[in-house]
Amino acid sequence: MNALDRMAPSPGGTEPWGTGLLPAGWLADGWGWAALLAGVALGAVLWALRERGRAAGSRDDAGGVLSLADRIPGALVGVDAGGRIRSFNPAAERLFGYRAQQVVGEPLARLLPDFAEAGDNPLRDVLSAPGPDEAHAEPAREVTGRHADGHPLPLGLTVGRAPGADGQAILLLHDRSLQRAMEDALHRESRFANVVINSLPGIFYLVDQVGCFRRWNRNLEQVSGYSEEELEELHPLELFRGEDRDHVARAIRETFETGSSSMEADLVLKSGARRPYFFTSFRVELDGERYLAGMGLDISHRRHLEEELTRLATTDLLTGVANRMQFEQDLAREVGKAERYGRPLALIMLDVDHFKRINDSHGHESGDLVLQEVVAVAGTRLREVDVLARWGGEEFMVLAPETDGHGAFELAERIRQAIEEHAYPIPEGTVTGSFGVAAYRPGEGEDGLLRRTDQALYQAKEQGRNQVARAEREEVP
Ligand SMILES: Nc1nc2c(ncn2[C@@H]2O[C@H](COP(=O)(O)OP(=O)(O)OP(=O)(O)O)[C@@H](O)[C@H]2O)c(=O)[nH]1
């Protein structure tokens, strides 16, 4: 009989090393450490068995082996060539919830059903080796055992060979429940973090001090069009162009220096399209390293609304041209340029003739249609740089940069003719307009130019309408 065959459980045996006394690293440092320790432990057991056998001149030193097996903190299960359990130490009893008497003689499958039936089960090789020295060391593996009450047991398993020609295979098992629970908790935490960052409404990024993306959410990939591999290689600044790139670089520096920053910038997508974003970034410290973590929110909708509001605030709703407020801004800008660079600038004021009659005869709606058509006709005669604006009622302005008095007069005359020649949706079919024209005189300012243009218009009306008049004292070249 082999020593391990007689390895009976010590009745009520308590040994000093419960599994709770395993080194903390066993559980905390993961499977690698556990496997290493398990291998070392099993090696120590087998070595001790051999040494005892040699010292006693016998391979049957039952007493020594018995006490040694009883004191091993890991669960030891001996299995014979027939795959039956031959020994079961106290730690194994605690682990599986069986008394040794209940399982000795039973097939191993009762404790380790999956392992016992697995195709790569190493037991046969281990058992067929002539002795422990010839048995290949079997690397530690994870198996699932079955507790006496039926619940599955996540276990670490190392297989070795006991001394003796008919030596058993020795299975050293340790409970991985706690380790598994910790791994599961870590995975849960990680999954939770992923769920959170992936369900954020915007893009999330974590960038290191060298400028590498270290973490990001799916939104960043989806919005930017860059794959995970591409983002790994990409510097964050490559997602911006022109002035935005300088602003972003400044914001990144500011975040690392002061702890936070926020800014608006256009994200340049892989397709080349731009999308406006609002970014808020914070400096965070992880394992002694500083990172920039932040979120970007798509503000396309807001930007669109702002543009729409600006358009509404600066556009005449009836005709679609610039309104008076916008015109006054444009006039101030162009007068400023004319003053600074001495460039020519002219203003044309257009007033629809007898417009009250059109309204009175055909109704306000027909009057509106006439105004819209006058604007459309005038617009076709303008250059890109000219500004057509509604001054009020049936009065319109044409601001003509880089245009002297003569050029403005010609332009006004072309518009006048076009308005006169156009067919309008009113019974009489025709509409005419009177025009006042003035070229800017350095130093007169916006008010001076407006006053003289208005006077010229008055003159055109006085002289019979449907004509262009140049401002008083304006020199005709
Ligand atoms: N349909 C319409 N009428 C407008 C609008 N704004 C102002 N008017 C009308 O335009 C008319 C302007 O009349 P007047 O200032 O007497 O000028 P006029 O009849 O064109 O006469 P002259 O300028 O002297 O040729 C008024 O009846 C205003 O009610 C508008 O947006 N739509």
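As the structure lists them, so they are numbered: ligands from 1, and atoms in each ligand from 1. Keep in mind the model is a prediction, meaning the values are calculated, not measured. Just so it is clear, the values below take in all heavy atoms, side chains as well, and ignore hydrogens, waters and symmetry mates.
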Near [X], which atoms of ligand 1 are under 4.0 Å from a heavy atom of that residue?
X      : answer
Arg465 : 22 (P), 24 (O), 25 (O)
Gly367 : 1 (N)
Asp351 : 23 (O)
Leu371 : 30 (C), 31 (O), 32 (N)

* To do: Could you check Arg275, Arg241, Arg303 and say which one makes a salt bridge (Lys or Arg N to Asp or Glu O under 4.0 Å) with Asp266?
  =>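 Exactly one candidate clears the test, Arg303.
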
* Indicate, as side chain, backbone, both or neither, the part of Asp360 found under 4.0 angstrom from ligand 1 when only non-hydrogen atoms are considered. =>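 It is neither; nothing of Asp360 touches ligand 1.
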
Give the table of side-chain donor-acceptor pairs shorter than 3.5 Å for residues 200-215, with sequence neighbours excluded, one pair per line with atom names and distance.
unit_1 : atom_1 : unit_2 : atom_2 : d
Tyr205 : OH     : Ser281 : OG     : 2.9
Asp208 : OD1    : Val210 : N      : 3.0
Asp208 : OD1    : Gly211 : N      : 2.9
Asp208 : OD1    : Cys212 : N      : 2.8
Asp208 : OD2    : Arg214 : NH1    : 3.1
Arg215 : NH2    : Asn194 : OD1    : 2.4

* **Audit row: Asp353, Lys461, salt bridge (Lys or Arg N to Asp or Glu O under 4.0 Å) steps and yes/no** => CA-CA 8 Å; Asp353 294 331; Lys461 290 273 181 191; 2.9 Å; yes

* Using distance alone, decide if ligand 1 has a nitrogen or oxygen within less than 3.5 Å of any nitrogen or oxygen in Phe355. =>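 Yes.
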
* Asked: Does any N or O atom in Arg357 lie less than 3.5 angstrom from one in ligand 1, N or O only?
  -> no

Please write down residue, atom name and distance for the protein heavy atom closest to [atom].
atom                    : answer
atom 32 (N) of ligand 1 : Asp368 OD1, 2.7 Å
atom 28 (C) of ligand 1 : Asn359 ND2, 4.2 Å
atom 7 (C) of ligand 1  : Gly393 CA, 3.4 Å

If you measure from [atom] to every heavy atom of [options], which option wins on shortest distance?
atom                    : options                : result
atom 5 (C) of ligand 1  : Arg390, Lys356, Glu394 : Arg390
atom 21 (O) of ligand 1 : Gln372, His354, Glu365 : His354
atom 23 (O) of ligand 1 : Lys461, His362, Glu395 : Lys461

* **Side-chain donor-acceptor contact under 3.5 Å, Arg416 with Asn466** =>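 The criterion, which ignores hydrogens and geometry beyond distance, is satisfied for Asn466 and Arg416.
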
* Any ion pair linking Asp360 and Arg357 (charged N to carboxylate O, less than 4.0 Å)? ->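 Not counted as a salt bridge, because no side-chain N and carboxylate O are separated by less than 4.0 Å.
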
* ring-ring contact (aromatic ring centres under 6.0 Å, His included): pairs with one or both residues in residues 258-299, sequence neighbours excluded -> Phe240-Phe279, Tyr277-Phe279

* Exceeds 12 heavy-atom contacts within 6.0 angstrom, atom CZ of Arg218 -> no

* To do: Taking atom CD of Glu428 as the centre, report whether more than 12 heavy atoms of other residues, nucleotides or ligands fall under 6.0 Å from it.
  => yes

* Side chain proximity check, Leu231 to Glu228, heavy atoms < 4.5 angstrom -> no

